[in-house]
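Structure record follows, encoded as structure tokens.
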Amino acid sequence: MYAPEEYGSYRKDDRGCTDLCGLIMFIFAALLLAGLAVTAYSEGEVARLYKGINYNGRLCGLDHPVEAKPYLFWPKSPSSGDIDPSTPLCVKKCPTEDDANKAVTVNYPERTTVYNNKTKTTSTTQTLLPTPVYATTLVFRAYCMPEDPDLRAAVEPQFATHFHQFQAAVGGIASSWPLILSALLAAALLSFGWGQLMRLVPKPMMWGSVGLVAALLLVIGGALLYVGFTGDAITEYMGNISGDNQVWAIVIGAVLLLIAVLFIIVIVFAQQTMNVAVAVIDAAADCVMDIPMMVLGPLITSAAMVGWAVLWMVTFLYIVSSGEVYGKKMALGMQENGGAEVEGLHREIHWDSRMILFAILWTFALFWVFEMLVSYTQFAISYATVVWYYTEPNHVTEERDPEGWPPLDGLKNGIVYHLGSIALGALLVGLTRPVRILFSWASQKPHQGNRVQTQLYRSFGQCVECYQANIECLSSNAYIELAVSGSHNFITAARIALNKVLTCQTNIVFLYGISTFISYVGAAAVSLLVTYVCWEVMTRANVFTSPDSAYWVESPVFLTVLIFIISLFGSSVYMQVFDQVADTILYSYLCEAEQQAFGIKDYNPDNKRYAPPALKELLKFGPHSYGERAALAQQQEYI
């Protein structure tokens, strides 16, 4: 797109559509997935996954004739006076202590079986007998749990299962939507504020983010361990019914503390690298400050990712619930011969092969669409950065004022011209990412004395050669080349980008991806802070801890993990602005170096008209010497 001429001016090349086959593939997949979603919504019903099943095998609140009775209640047997767990009833509301005091009754189905010796047949007679109710509390938004400990013991053991943890999780998502929405908004606002401060004071923000991540990992991990061992902040019924919550709290807390220790160790030994990363971010910050609308792409993509995640989750639940539901008896095991059997809690769902295929395709679509949205953002950011790079800087302030609206042009061109390349690239990059991670180290030439790497190189030599020839080039650098050239397909752009980086005769290759760590630290700081605040709110505010509240959080550990994942996704999309801008500036420097007059490659920073001053200084002294000088300057600040 932008090619510097002999005297430093630039020209705009015409941009054309690329990878039409990828566009056709994406349209076909979109139509297929739309049909899949329509089928799931027409055949599925999420309530089948958690609603109780009465003694006749009907789902409470769904099947006829119990549509108006959404809750499951285990009545007392009129003959024995004890709870009969094998005869659950659907009721309009869970009986309360006031109902028990008023002697409210329900109809108990008394069944009598008679065997006829003459006809060799068995007949069963059912009689509805009134039986008094007892005080209960609604749990999992589907079951009436006895408040009396002795009565509760008749059915309580069957709630301590992973399936009912899933029920609590599904119910918690539906009821705690204000908390989830608030977490998303908070993550977006904090990410935006982090980016603005990173533009102004990159070094203090980087080290502040590092300290915040370490502190939050220690605090959240310690809090989860405390909750896991003491049961504090877990509601009474969840604490009694679900011991899994406490187990998961201990496991997650221990993992977070281990991550905190490893993170601190890495930071201690990587200070020089982080100082170099600050210099790269400093160059990227100049671009972001000159184009404030650079954040537009990530904001749009974040909203799209949240919308897609919600749509995917809801549709997947409909796919899962589209099977046939059958009630399943479970023995309590409290007596020598197996004890009473509990009905209404457990179920079996049978799916046909069609729905199993739908679930596999829908899961694949989750990652493909996420990868597409990230790729689309990368292209739009790279496009705007390339325009900024080849804009003549002000000789006094070094500021640049690109023509038009580069971020909007990048978003438009990504849809109009390169949607096929983005769809194909997202598919290839996503599928090959595990392979690229596995072979990235083994593909390097073994150093003398490194026996492990030498043996791997000999054993998998052909695989490494295949990786280097076909897979190594598949990276986000292809989108940068696509923004620069405007006419290459994805595979060609990927090969050109890889060749340009590998054949450059400058230490700029050591700077590629070095800013990624800071982006990860920023995303982790924001997501951990949001998660910690939400944990404190959902475990202390009465509106989320009281079983009588409409916003009761039944599974706080699950919801905490979900909020962390959502916040991490939302914040990482914005954080990648600096990462992508930095890589694009480095790539644009290589393009400028290779497009000098007479076809001579000139990597001398002093001869670059468009390179930012911070990048020139970094390349002139080299990344290692810059890191040493930055570390020395940091030490002198404390003297």
[X] side chain near [Y] side chain, heavy-atom distance below 4.5 Å:
X: Glu110; Y: Leu128; value: no
X: Asp82; Y: Lys76; value: no
X: Tyr376; Y: Ile415; value: yes
X: Leu217; Y: Leu257; value: no

List the atom of [X], the atom of [Y], and the distance in Å for their closest heavy-atom pair.
X: Trp362; Y: Leu311; answer: CZ2-O, 4.2 Å
X: Ser321; Y: Arg48; answer: O-NH1, 2.9 Å
X: Leu411; Y: Ala380; answer: CD2-CB, 3.7 Å
X: Pro95; Y: Thr136; answer: O-OG1, 2.6 Å
X: Val526; Y: Leu190; answer: CG1-CB, 3.9 Å
X: Ile422; Y: Ser375; answer: CG2-CB, 3.9 Å

Pairing of Arg58 and Glu67 as salt bridge, 4.0 angstrom limit: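 Glu67 and Arg58: not salt-bridged.
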CG on Leu568 to CD1 on Ile563, rounded to 0.5 Å: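 Taking CD1 in Ile563 and CG in Leu568, the distance rounds to 13.5 Å.
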Pairwise distance CD(Glu43) to CZ(Phe358) - rounded to 0.5 angstrom: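 With rounding to 0.5 Å, CD (Glu43) is 8.0 Å from CZ (Phe358).
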Please name all residues satisfying ring-ring contact (aromatic ring centres under 6.0 Å, His included) with [X], sequence neighbours left out, ordered by chain then number.
X: Tyr520; answer: none
X: Phe364; answer: none
X: Phe73; answer: Tyr134

[X] side chain to [Y] side chain, donor-acceptor N/O pair below 3.5 angstrom:
X: Glu147; Y: Thr137; answer: yes
X: Thr377; Y: Thr301; answer: yes
X: Ser209; Y: Trp194; answer: yes

Residue list, salt bridge (Lys or Arg N to Asp or Glu O under 4.0 Å) with Asp98, at least two apart or on another chain: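 Testing Asp98 for salt bridge (Lys or Arg N to Asp or Glu O under 4.0 Å), a comparison that skips the adjacent residues, returns Lys102.
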Qualifying residue for side chain to side chain donor-acceptor pair (under 3.5 Å) with Tyr108, from Thr131, Asp84, Thr127: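 Among Thr131, Asp84, Thr127, the one that satisfies the side chain to side chain donor-acceptor pair (under 3.5 Å) with Tyr108 is Asp84.
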Candidate pair Thr39 and Arg354, rule side chain to side chain contact (heavy atoms under 4.5 Å, CB included), full reasoning: CA-CA 11 Å; Thr39 303; Arg354 179 176 54 101; 3.4 Å; yes
Those residues that, when tested against Asp150, pass side-chain contact (heavy atoms from CB on, under 4.5 Å) (two or more places apart):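 Asp150: side-chain contact (heavy atoms from CB on, under 4.5 Å) contacts with Asp148.
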Pro130: partners by side-chain contact (heavy atoms from CB on, under 4.5 Å), with sequence neighbours left out: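 Expected list: Thr105.
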Check against side chain to side chain contact (heavy atoms under 4.5 Å, CB included), Val320 and Phe316: CA-CA 6 Å; Val320 173; Phe316 187 78; 3.6 Å; yes
Ring centers of Trp308, Trp368 separated by less than 6.0 Å: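 Aromatic pair excluded; centres sit 6.0 Å or further apart.
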Verdict with supporting geometry, Leu72 and Lys51, side chain to side chain contact (heavy atoms under 4.5 Å, CB included): CA-CA 8 Å; Leu72 194 73; Lys51 285 295 184 180; over 6 Å; no
